[in-house]
Amino acid sequence: MTATGSATASTYGARDHARAQAGTVVTTMPVLPASGWPSPPDGVTPADLVWAETVAGGNYTHLRVARGTHVRFTDVEGSACAHLALHNATQPWERLNVADTTKVAWQAYLGAGALLLSDQGRVLASVVEDTSGRHDAFCGTSTLVSNAAKYGDGAPQGPSPAGRELLVLAAAKQGLLPRDLPTTLSFFQGVDVGPDGGLTFTGSAGPGASVTLRAELPLVVLVANVPHPVDPRPQYTSTPLEVVAWRGAATTPRDALWSATPEGERAFLNSAAHAAMLGLDGGTRA
């Protein structure tokens, strides 16, 4: 029996060992309370932070955030890939629709100003800042089968977890079922489509790139940090992803983004009407 095994052989020993771990800090973990995050975004006070976490490569996280909350994702070392699913927290059957996100905007490449639309024609979130420019709205995330073929395993507890398997776990912790998962978007590992329809993997913009989303409705945010499904590297390569969220305000008609396009304005009006019916701050006020 190991020294640890000996110490935890009894209930009291196990309790004492567990309590001795209090205060332990590792590289990838949530910071609680979030106000203790060592580097708040510019202009954000520690008191405004509501979540701060570093997600390990091959892991996931899930948040439930209020309307107006800003969520910043940062590719710490240059090989993170944030596979994102969104649901309206007030009616979780409403979810991200990647087809409408690209079709309604007449733009398949994500960046600052992009609107992430639901299957009800509402803006779930807007991209307010992007220093990466390497994203993908075409391929979705990896699966158990694809990872098993590429890396030899895709199970969530294995050495090369697949994105969908991790998102199933994240969804379950928010009361959602596998059937509730939409097709995902991914940030920090880019893909271009050529004239012949072929996909070219453009990779990362490098360490420190970030994307900030603004929640235009109360959201359930599910994130899996796993390699992109067309990443050509033969080894499972996934590095830490920072997720920091803080209080803010939703887009209003005074914001240039609101009326940047006719399609976007209609989607914002749909979101504002829904928020007004729920009595949420922001409503349809000009």
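Numbers for residues simply follow the sequence, beginning at 1. What you see is a predicted model; the values in this text were computed from it and never measured.
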Count I, L, V, M, F, W, Y as connected when their side-chain heavy atoms are under 4.5 Å apart, and connections chain through other members. Are [X] and [Y] then in the same cluster?
X	Y	value
Tyr109	Val191	yes
Leu167	Leu169	no
Leu110	Phe138	no
Leu86	Val65	yes
Leu144	Val168	no

Does a side chain donor of either [X] or [Y] reach within less than 3.5 Å of an acceptor in the other side chain?
X	Y	value
Gln189	Arg134	no
Asp130	Ser132	no
Glu129	Ser210	no
Arg67	Ser271	no
Thr45	Asp48	yes
Glu53	Thr61	yes
Gln107	Thr102	no
Glu94	Ser118	yes
Arg247	Thr69	no

Any side-chain heavy-atom pair from [X] and [Y] closer than 4.5 angstrom?
X	Y	value
Leu96	Leu117	no
Leu185	Val98	yes
Trp246	Val244	yes
His274	Asn270	no
Lys150	Ser142	no
Leu115	Phe268	yes
Leu213	Val128	no
Arg95	Asn97	no

How close do [X] and [Y] get, counting heavy atoms only, and between which atoms?
X	Y	value
Gly58	Val226	CA-CG1, 4.2 Å
Val243	Leu63	CG1-CD1, 4.0 Å
Glu216	Ser126	OE2-OG, 2.7 Å
Thr239	Ala80	OG1-N, 3.2 Å
Trp258	Ala272	CH2-CB, 3.8 Å
Ala66	Ala215	O-CB, 3.7 Å

Does [X] [atom1] have over 12 foreign heavy atoms under 6.0 Å away?
X	atom1	answer
Gln235	CD	no
Arg64	CZ	yes
Asp42	CG	no

(request) Show the numbers, then the answer: is there a side chain to side chain donor-acceptor pair (under 3.5 Å) between Thr141 and Arg164? (result) CA-CA 6 Å; Thr141 192; Arg164 179 168 173 80; over 6 Å; no
Calculate, to the nearest 0.5 Å, the distance between atoms [atom1] and [atom2] belonging to [X] and [Y] respectively.
X	Y	atom1	atom2	answer
Thr184	Leu84	OG1	CG	8.0 Å
Asp100	Gln120	CG	CD	10.0 Å
Asp119	Trp93	CG	CH2	7.5 Å
Glu77	Ser238	CD	OG	10.0 Å
Leu241	Cys81	CG	SG	9.0 Å
Asn147	Asp153	CG	CG	8.0 Å

(request) Start with the C-alpha distance between Ser10 and Arg15, add both sets of side-chain angles, then the distance that settles side chain to side chain donor-acceptor pair (under 3.5 Å), and finish with yes or no. (result) CA-CA 9 Å; Ser10 70; Arg15 180 194 64 185; over 6 Å; no
(message) Less than 4.0 angstrom from a charged side-chain N to a carboxylate O is my criterion; do Arg19 and Asp16 meet it?
(response) no
(message) Looking at Arg214 and Asp255, is any side-chain nitrogen of the basic one under 4.0 Å from a carboxylate oxygen of the acidic one?
(response) yes
(request) Could you check Leu219, Val220, Val221, Leu124 and say which one makes a side-chain contact (heavy atoms from CB on, under 4.5 Å) with His87? (result) Val220
(request) Only one of Asp75, Val55, Asn59 passes side-chain contact (heavy atoms from CB on, under 4.5 Å) with Asn225; say which it is. (result) Val55
Donor-acceptor under 3.5 Å ([X] side chain, [Y] main chain):
X	Y	answer
Thr54	Met29	no
Ser204	Gly78	yes
Gln21	His17	yes

(request) Hey, can you tell me if Phe188 and His135 have their rings parallel, tilted or perpendicular (30° and 60° cut-offs)? (result) perpendicular
(request) Report the relative orientation of the aromatic rings in Phe73 and Phe187; use parallel for angles under 30°, tilted for 30 to 60°, perpendicular for over 60°. (result) parallel
(request) For the pair Leu199 and Val193, evaluate side chain to side chain contact (heavy atoms under 4.5 Å, CB included) and give the outcome as yes or no after the intermediate values. (result) CA-CA 5 Å; Leu199 299 176; Val193 178; 3.6 Å; yes
(message) Quick check on side chain to side chain donor-acceptor pair (under 3.5 Å): which of Glu165, His83, Lys173 does Tyr60 satisfy it with?
(response) Lys173
